[in-house]
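Following: one structure in structure tokens, then a few remarks.
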Amino acid sequence: MAMQTPISTLEQNQANKAIDNQTTRQILLVEDDNDLAELIAMHLKMQGYTPIRTTSLAKAKQVIDNTEIDLVVLDRGLDDGDGLELCQALRQQQNWLPILMLTARDGEMDKVAGLEAGADDYLTKPFSVLEFQARVRTLFRRQTVEQQKQQSMRSSHHKEQEQGQHSTEKSSDPNALQFEGLVINPERHQVEVNHQMITLTATEFTLLHFLAKKPGRVYSKEELLQQVWQTDYSGYQHTVCSTVNRLRTKLEHANPDHPFIHTVWGVGYKFEAA
């Protein structure tokens, strides 16, 4: 089944138009099976993308460092290592380039490992070409929607500043959630960790704010889909995993001594204050 992003019809249409209006996107394909790589590259070109092929992690790192890449399609079983290594390295560097893992490793724990490493999606071989194309479109659409939300929030915040609708003192906001080393301000959509501003997407902020309102409360992926993404379709659970991982990485980058977001294996996720 082709995957769709859990967003409104209006947002989806706006995202599709934005994607259509953008210049050709470059997709890095890291795959050492030449026949499969040629097939994937052909279908990416049919979608209007420009594929750049590599067969190793070392070469992929060079391309990412020196080329403007919009998405990475990443295999795991490469001659010079596991694609997880590249995924983890990028996230540790605060590089949020969309990553679609495409691998023969189809075990449940393999998928969990890929998403926990920071992959945005995980597709196993053999796969449907139509589904692959849909997954690529979904990642780009999700990225565009997040950019639109961020732009809207910045615009709204700028207007509030001009109108003087809130104090410059963060602690004066009665709706702010304050913990040791962490302040979440829903009015401004701002997060501070150890007095350092953290840049979050709209969805990441909503997820953090929702979890932090009830520290220690464990939420299943299904509950988070309903409360944060406003959908009950279980096929979106990989989206929860990848978003939680990105959020956790950003928080831990600013405060490595305290992981605010915890995984409760077999159940879901919870927020724990310092």
> When you look at F179 and F260, which way does the ring-ring contact (aromatic ring centres under 6.0 Å, His included) test go after all the steps?
Replying inline: CA-CA 10 Å; F179 306 93; F260 291 99; 7.5 Å; no
> With under 30° as parallel and over 60° as perpendicular, where do the rings of F127 and F132 fit, or are they tilted in between?
Replying inline: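 Taking F132 first and then F127, their aromatic rings sit tilted (interplane angle of 30° to 60°).
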>> Classify the ring geometry of H209 against F205: parallel below 30°, tilted from 30° to 60°, perpendicular beyond 60°.
In response: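 Rings of H209 and F205: parallel, under 30°.
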> Taking NZ, NE, NH1 and NH2 as the nitrogens, is one of them in D79 or K59 under 4.0 Å from a carboxylate oxygen of the other?
Replying inline: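 A salt bridge is absent here (no side-chain N lies under 4.0 Å from a carboxylate O).
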Distance-minimising heavy-atom pair for [X] and [Y]:
X	Y	answer
G216	K270	O-CD, 4.0 Å
A41	R53	CB-CD, 4.2 Å
V193	L182	CG2-CD1, 3.8 Å

Is there a side-chain contact between [X] and [Y], using heavy atoms and a 4.5 Å cut-off?
X	Y	value
L29	T54	no
Y269	V218	no
F271	H262	no
Y122	V112	no
I184	E192	no

> Given L71, which of I27, L44, I99 fulfils the side chain to side chain contact (heavy atoms under 4.5 Å, CB included) condition?
Replying inline: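 Only one of I27, L44, I99 forms a side chain to side chain contact (heavy atoms under 4.5 Å, CB included) with L71, namely I27.
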>> Consider side chain to side chain contact (heavy atoms under 4.5 Å, CB included). Of T243, V191, V228, which one does E204 pass it with?
In response: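 Of the listed options, the one satisfying the test is T243.
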> Quick one: NZ on K61 to OG on S56, what's the gap to the nearest 0.5 Å?
Replying inline: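 Nearest 0.5 Å value for the NZ-OG distance: 9.5 Å.
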>> Nearest 0.5 angstrom please: Q26 CD to I52 CD1, how far?
In response: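 Reported value, rounded in 0.5 Å steps: 4.0 Å.
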>> Before you tell me yes or no, could you show the steps for R217 and E272 under salt bridge (charged side-chain N to carboxylate O under 4.0 Å, His left out), namely the whole-Å CA-CA distance, both residues' side-chain angles and the distance that decides it to 0.1 Å?
In response: CA-CA 9 Å; R217 163 76 151 86; E272 288 286 3; over 6 Å; no
>> Is it true that T201 and R246 share a donor-acceptor pair across their side chains at a distance under 3.5 Å?
In response: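 There is no such pair between these side chains.
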> Is it true that the side chains of N175 and E187 contain a donor and an acceptor less than 3.5 Å apart?
Replying inline: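 Indeed, the side chains of N175 and E187 share at least one donor-acceptor pair under 3.5 Å.
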Show every donor-acceptor pair shorter than 3.5 Å between a side-chain atom in residues 80-90 and any protein atom, with sequence neighbours excluded, or say none if there are none.
residue	atom	partner	partner atom	Å
D80	OD1	L57	N	3.0
D80	OD2	L57	N	3.0
D80	OD2	A58	N	3.0
D82	OD1	R76	NE	3.0
D82	OD1	L84	N	2.9
D82	OD2	R76	NE	3.4
D82	OD2	R76	NH2	2.8
D82	OD2	R105	NH1	3.0
E85	OE2	D82	N	3.4

> Could you go step by step and tell me if K125 and E31 meet the salt bridge (charged side-chain N to carboxylate O under 4.0 Å, His left out) rule?
Replying inline: CA-CA 12 Å; K125 306 172 184 175; E31 172 61 63; 2.8 Å; yes
> What do you reckon, is NE2 of H43 surrounded by more than 12 foreign heavy atoms closer than 6.0 Å?
Replying inline: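 Yes, NE2 of H43 has more than 12 neighbouring heavy atoms, counting only those of other groups under 6.0 Å.
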